[in-house]
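What you see is a predicted model; the values in this text were computed from it and never measured.
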Amino acid sequence: MTLNRNKLYWILFTACTVGYVWIYFISEKQFTENNQINGCLIKHLTNIPCPSCGSSRSVISLLNGDFIVALNFNPIGYIIVLTMLVAPVWIIMDTITKTNSLFNFYLKTENYLKKLKVAIPLILIIIMNWIWNITKGL
């Protein structure tokens, strides 16, 4: 699948918007009785947490200034918050200035991540995070 600029920007903007709605929903709900968010389909179907389980709680903790708690829930939350803060602003700036800086950054990053010496360690980190999620009993 070839991803063009407009499609990438639409996907990112939509994902961020859905993310903001989800964060609002779960922060208003203040988790469930046992301080867990039941939004992971994999966890719901298999009773095994996925590598990103705990990310919603991590994001909420970051927004509340609980940086250590966020890290303990799931370090991926930091990446999500950064993306949700930067991507919409970058998209708007590119749209206003009629430039492709985010799209060019995406293409360079994608090519960089395709290198085995980069991809393999990142995959191993995700697997270690997954094992950590399982042992934490998320």
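Heavy-atom minimum distance, W22 versus S56: NE1-OG, 2.8 Å. Between S101 and Y9, the closest heavy-atom pair is N-OH, 4.3 Å. Minimum interatomic distance between F103 and L8 (heavy atoms only, all atoms of both residues): CD1-CD2, 3.7 Å. The two residues N100 and D94 make their nearest non-hydrogen contact at C-OD2, 3.5 Å. Nearest approach of I48 to W130, heavy atoms of both residues: CG2-NE1, 4.3 Å.
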Report the C-alpha separation of L3 and Y106 in whole Å, then their side-chain angles, then the decisive distance to 0.1 Å, and conclude whether the side chain to side chain contact (heavy atoms under 4.5 Å, CB included) test is met. CA-CA 10 Å; L3 194 62; Y106 167 79; 3.5 Å; yes
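Here the side chain of Y20 pairs a donor or acceptor atom with the backbone of M84 at under 3.5 angstrom. Although no hydrogens or angles enter the test, the distance criterion places no donor-acceptor pair under 3.5 Å between the side chain of N74 and the main chain of G77. Judged by distance alone, the side chain of K136 and the main-chain N or O of I131 form no donor-acceptor pair under 3.5 Å. N64 contributes a side-chain N or O that, together with a main-chain N or O of I60, makes up a donor-acceptor pair within less than 3.5 Å. Under a 3.5 Å cut-off, the side chain of N129 and the backbone N or O of P51 do form a donor-acceptor pair. Side-chain N or O atoms of Y24 include none that pairs as donor or acceptor with a backbone N or O of G19 at under 3.5 Å. Of the possible polar contacts, one joining the R5 side chain to the T99 backbone as a donor-acceptor pair under 3.5 Å is found. S58 places no side-chain N or O within 3.5 Å of a backbone atom of G54 that could act as its donor or acceptor partner. The closest donor-acceptor contact from the side chain of T135 to the backbone of W132 lies under 3.5 Å. Side-chain atoms of N133 never come within 3.5 Å of backbone atoms of P49 as a donor-acceptor pair (strictly under, hydrogens ignored).
Counting heavy atoms from C-beta on, the side chains of F73 and S61 come closer than 4.5 Å.
The number of heavy atoms from other shown groups lying within 6.0 Å of OH (Y78) is above 12.
Linking Ile, Leu, Val, Met, Phe, Trp and Tyr residues whenever their side-chain heavy atoms come within less than 4.5 Å leaves M128 and I126 in two separate clusters. Criterion: ILVMFWY side-chain heavy atoms under 4.5 Å apart, direct or through other members. Under it, W90 and I79 are not part of a common hydrophobic cluster. A continuous path of ILVMFWY side-chain contacts below 4.5 Å connects F25 to I80, so both sit in one hydrophobic cluster.
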Result block: side-chain N/O donor-acceptor pairs under 3.5 angstrom for residues 109-122, not counting sequence neighbours:
{"residue": "T109", "atom": "OG1", "partner": "F105", "partner atom": "O", "Å": "2.8"}
{"residue": "N111", "atom": "ND2", "partner": "L107", "partner atom": "O", "Å": "3.3"}

